[in-house]
Amino acid sequence: MSAPAPPAKDDHFTLIAISALVCILGDLLHEGLGHGVTAWLSGAQRITISTVALQTDIETRWISANGTLVNLLFGGIFWLLLRSPQRYRPATRYFLVLAMAGNLFAGTGYFLFSGVSNFGDWAAVIRGWQPHWAWQLGLVVLGLISYYAAMLLVAVALKPFRNPGAPGRLRSLCWTPYFTQGVLAGLGGLLNPIGFFYVLASALPSTLGANAGLLSLPSMMHRWRPSAEAPVAPVPRSTPWIATAAVASLLFIFVLGRGITL
């Protein structure tokens with residue numbers, strides 16, 4: 001029998017950096033490419049994008065819907081990129097897994113959030129549709145089913161990171177991005193131009209709420225059989241990842257956080 005793989009010792013600073021970059025990427029895709037580009041193509045004359053919301057002089061159902069739809073599209077793209085995962089270095093592979101998770105969780109979680117709260121993008125999409133309670137219930141059911149499916153996809157992608165010699169590794173890989181992204185989203189929303197309410201109603205639900213699946217994945221995967229693939233090597237200390245995340249986070253908080261008007 002071959003010797004077990006040595007315990008993984010992932011560099012926490014690099015994990016935090018990758019988690020921050022994934023958070024920023026998901027926000028840019030949702031607010032910028034999803035809402036912003038759709039508003040511009042729809043003929044908007046004034047567009048203000050911040051970390052928590054898009055403000056524009058026109059409103060359409062497509063503008064509201066496309067933030068989520070872009071997240072789901074890119075979640076699918078990252079899933080496709082992970083079909084041949086062995087070609088990536090551990091840090092890059094971890095980034096792709098987190099990017100897939102963040103986009104899928106944000107997209108599917110928004111259905112559930114809007115269905116339960118009657119607030120946010122998909123509440124705007126179904127506004128005026130009758131019977132309204134049925135549309136809300138449909139969003140809740142769609143959110144529950146699609147979110148669980150997203151958790152299964154992410155769990156499969158994370159499975160090769162499990163290492164019998166390091167039982168706490170999976171928890172670290174899941175919980176580090178959860179708390180990192182929650183803190184960054186909160187800080188990024190503090191300076192937003194439309195008020196602190198949107199930190200509580202948008203920034204935190206889109207991270208701490210949408211990413212709640214990350215907290216459950218380690219226990220969910222606890223009884224899974226080990227992957228046939230050898231455990232992914234530890235994520236090493238990486239100055240490029242850390243430096244890029246530091247610069248991007250400052251821009252996210254102090255530039256995008258204040259709002260950019262186009």
Exercise. Would you say H35's side chain and I63's backbone share a donor-acceptor pair under 3.5 angstrom?
Worked result: yes
Exercise. Any donor and acceptor pair, going by atom type alone, linking the side chain of R258 with main-chain N or O of F254 inside 3.5 Å?
Worked result: yes
Exercise. Checking side-chain contact (heavy atoms from CB on, under 4.5 Å) for the pair S42/T38: CA distance, chi angles, key distance, verdict?
Worked result: CA-CA 6 Å; S42 300; T38 305; 4.1 Å; yes
Problem set entry | For A155 against L217, the heavy-atom pair lying closest together | CB-CD2, 3.9 Å
For this session: Compare every heavy atom of M220 with every heavy atom of W224, then report the nearest pair and how far apart it is.
Result: NE1-O, 3.4 Å
For this session: Flag the pair L139 / L112 as yes when at least one side-chain heavy-atom distance between them is below 4.5 Å, and no otherwise.
Result: no
For this session: Please report the shortest heavy-atom distance between L173 and D10, naming the atom on each side.
Result: CD2-OD2, 3.9 Å
Exercise. Do T92 and W241 pass the side-chain contact (heavy atoms from CB on, under 4.5 Å) test, and can you show the C-alpha distance, the side-chain angles, and the key distance before you say yes or no?
Worked result: CA-CA 10 Å; T92 304; W241 280 105; 4.2 Å; yes
Exercise. Below 4.5 Å, heavy atoms only, C-beta onward: do F161 and R93 meet side chain to side chain?
Worked result: yes
Problem set entry | Whether over 12 other heavy atoms sit under 6.0 Å from W40 CH2 | no
Exercise. Is there a donor-acceptor pair under 3.5 Å between the side chain of D121 and the backbone N or O of A65?
Worked result: no
Exercise. F197 vs F119 aromatic rings, parallel, tilted or perpendicular, using cut-offs 30° and 60°?
Worked result: perpendicular
Problem set entry | Pairwise side-chain contact, R162 with R169, heavy-atom cut-off 4.5 Å (strictly under) | no
For this session: Taking the side chain as every heavy atom from C-beta outward, state whether Q55 and I47 have any pair of such atoms under 4.5 Å apart.
Result: no
Exercise. About how many Å separate CG of L41 and CG of N66, when rounded to the nearest 0.5 Å?
Worked result: 9.5 Å
For this session: Enter the distance from S19:OG to L214:CG here, rounded to the nearest 0.5 Å.
Result: 9.0 Å
Problem set entry | side-chain contact (heavy atoms from CB on, under 4.5 Å) between S50 and I260, worked out | CA-CA 6 Å; S50 69; I260 298 174; over 6 Å; no
Problem set entry | CZ (R87) with more than 12 external heavy atoms under 6.0 Å | yes
For this session: State, without any angle test, whether H30 and N103 hold a side-chain donor-acceptor pair at a distance under 3.5 Å.
Result: no
For this session: Quick one: list whatever passes ring pair (Phe, Tyr, Trp, His ring centres under 6.0 Å) with F74, sequence neighbours left out.
Result: none
Exercise. Can you tell if the side chain of R127 reaches within under 4.5 Å of the side chain of S64, non-hydrogen atoms only?
Worked result: no
For this session: Let me see the working for F78 and L25 under side-chain contact (heavy atoms from CB on, under 4.5 Å), right down to the final yes or no.
Result: CA-CA 12 Å; F78 289 122; L25 175 62; 3.8 Å; yes
Problem set entry | Exceeds 12 heavy-atom contacts within 6.0 angstrom, atom OH of Y198 | no
Exercise. Looking at side-chain heavy atoms only, is the closest gap between V235 and D11 below 4.5 Å?
Worked result: no
Exercise. Are any side-chain N or O atoms of Y94 and backbone N or O atoms of L158, one a donor and one an acceptor, separated by less than 3.5 Å?
Worked result: no
Exercise. Looking at P177 and S172, what are the two nearest heavy atoms and their distance?
Worked result: CD-O, 4.1 Å
Problem set entry | H12 atom NE2, neighbour heavy-atom count above 12 within 6.0 Å | no
For this session: Of all the heavy-atom pairs spanning C23 and Q181, show the shortest one and how long it is.
Result: CB-CG, 3.5 Å
Seminar exercise, completed: On a heavy-atom basis, the closest approach of S238 and T14 is N-OG1, 3.1 Å
Exercise. Side-chain contact, heavy-atom cut-off 4.5 Å: T51 with E31?
Worked result: no
Exercise. Y178 side chain to N211 main-chain N or O, any donor-acceptor pair under 3.5 Å?
Worked result: no
Problem set entry | Flag side-chain contact, heavy atom, 4.5 Å: R171 against T176 | no
Exercise. Do you see a donor-acceptor pair shorter than 3.5 Å between the side chains of W122 and T68?
Worked result: yes
Problem set entry | Interatomic spacing from CD1 in I24 to CG in L29 - rounded to 0.5 Å | 12.0 Å
Exercise. Going by distance alone, is a donor N or O of one side chain under 3.5 Å from an acceptor N or O of the other, for T261 and T48?
Worked result: yes
